[in-house]
S.K.: 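Input: one structure, supplied below.
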Amino acid sequence: MCYNAPMFEVVFLGTSASAPSIRRGLPAAIVLHREYRFLVDCGEGTQRQLLRSGLGFRRLDKILLTHGHLDHILGLAGLASTFSRWEMIDKMEIYGGKWALDRVEDLMRVVFGRHRPPIKISLIALEPGVVMEDDLFQLRAFPVTHRGPGNFGFVFQEKARSPFLAEKAEALGVPAGPERAQLVRGQSIVLSDGRTIRPQDVLGPERPGTKLVFVGDAARTDDLLEPAQGADALIIESTYTSLEADVAREFNHLTARQSAELARDAGVEHLILHHISRRYAEQEILEEAAAIFPGVVVARDLDHYEIRRGAPLTRIERDRRPSQVSQNHE
Ligand SMILES: [Zn+2]
Ligand SMILES: [Zn+2]
């Protein structure tokens, strides 16, 4: 077990808005944290992207929906159908707003008819607040304004904790093994020579954990300022540029400028844009956002990022070689 490796990884499976383009599939992403794997949205074509990403279907039983528009949920029908014929997965937990879940229920009725699904499918209605947590990690949902009711964004946050100082432990003669885990959990240990080692002997001062904020489609940003505050990375839609600010407003989407201003005002470290209309070249979105938030990146399908507090944003190449893509934003 590694005590000092706080981080999230995100793999973008689809980064287009509304309809796919040759290069971009419909919205879906995976957030990885320790043993957790969260599929966030599941547009049409997600199954094949999962295979192409090398992640596959294993342990993919937690699905978070930002909202119920078809470009974000249609892939669930195919995924449920595959899972029902594949013994590695026996359950799916799908979290979303009530309206989104009603639509998912309709989809499942189409897939399974009147038969009982051979896997357990739980539809779990989201409310703002904590969705799940353990000793080290918390997932929270917050409301997002978009078309229709019950849209949510997600905060993936590691809990604050004190780093384990391996050199100090070494110097005190704490053996590598379960004793160290006990100290990390806040319990004192007694060594074989009778000395007592207290947690504060081997733990540094408490440090806040990494915070990743994920927003799908959104119509405004003023209500996102609080949840995005101080995030190490903000992932948010950027469907249009300011040239079509009126269209963005009409369809309840954001421009690159609006998303970049939010990142700046919320003091986030890194900004990753997704949900890009196929009317735009990536460069147009990037240039508009970078004028406000330098170091911004526009996610491409199968991009794999590592997000770690205090560290540059790192893209993991397909051969697993990390490459730094953006400095911390000043
Ligand atoms: Zn959308
Ligand atoms: Zn939408």
Side-chain angles (χ1 to χ4, degrees), residues 10-31 38-47 49 63-79 94-107 125-126 128 141-154 213-224 227-228 234-241 244-259 262 271-280 282 284-285 289 298-303:
V10 57
V11 180
F12 289 90
L13 300 170
T15 57
S16 185
S18 308
S21 68
I22 291 172
R23 290 213 172 82
R24 296 180 185 273
L26 290 171
I30 290 210
V31 174
F38 297 97
L39 177 60
V40 188
D41 288 342
C42 188
E44 175 202 336
T46 296
Q47 291 195 73
Q49 290 295 80
I63 298 157
L64 309 174
L65 300 177
T66 59
H67 65 300
H69 286 154
L70 292 179
D71 53 326
H72 295 254
I73 65 166
L74 268 182
L76 281 173
L79 197 64
I94 304 173
Y95 298 80
K98 193 185 166 312
W99 182 71
L101 294 182
D102 286 348
R103 292 192 104 177
V104 172
E105 205 169 6
D106 289 345
L107 277 181
L126 285 173
F142 57 89
V144 172
T145 308
H146 184 48
R147 285 198 308 284
N151 313 297
F152 288 94
F154 302 100
V213 176
F214 193 110
V215 179
D217 298 11
R220 45 191 262 217
T221 56
D222 55 325
D223 53 357
L224 304 177
L234 168 65
I235 295 166
I236 188 165
E237 75 133 298
S238 177
T239 311
Y240 298 97
T241 70
E244 291 184 293
D246 50 337
V247 186
R249 215 169 8 253
E250 185 186 345
F251 291 102
N252 295 280
H253 283 295
L254 296 176
T255 63
R257 162 185 283 276
Q258 285 175 293
S259 295
L262 169 66
L271 173 62
I272 306 175
L273 301 175
H274 68 148
H275 201 273
I276 310 298
S277 166
R278 54 185 180 162
R279 305 202 239 191
Y280 293 101
E282 183 181 299
E284 296 172 80
I285 296 281
V298 174
R300 295 177 178 175
D301 286 18
L302 302 179
D303 269 1

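In listed order, ligands and their atoms are each counted from 1.
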S.K.: Round to 10° and report the angle made at the Zn ion (ligand 2) by NE2 of H67 and NE2 of H146.
M.R.: 100°
S.K.: Restricting to N, O or S atoms, which atom of H69 is closest to the Zn ion (ligand 2)?
M.R.: ND1
S.K.: Other residues, nucleotides and ligands only: do more than 12 of their heavy atoms fall within 6.0 Å of CZ on R147?
M.R.: yes
S.K.: Measure from the Zn ion (ligand 1) to every N/O/S atom of D71 and report the name of the nearest one.
M.R.: OD2
S.K.: Hey, is the Zn ion (ligand 2) within less than 2.8 Å of some N/O/S atom on D217?
M.R.: yes
S.K.: N252 side chain to A219 main-chain N or O, any donor-acceptor pair under 3.5 Å?
M.R.: no
S.K.: What's the shortest heavy-atom distance between H67 and I73, and which atoms?
M.R.: O-CG2, 3.7 Å
S.K.: Which atom, among the N/O/S set of H275, is closest to the Zn ion (ligand 1)?
M.R.: NE2
S.K.: What is the distance from atom NE2 of H274 to atom CG of L13, rounded to the nearest 0.5 Å?
M.R.: 12.0 Å
S.K.: Kindly check if the number of other-residue, nucleotide or ligand heavy atoms within 6.0 Å of CD (E44) is above 12?
M.R.: no
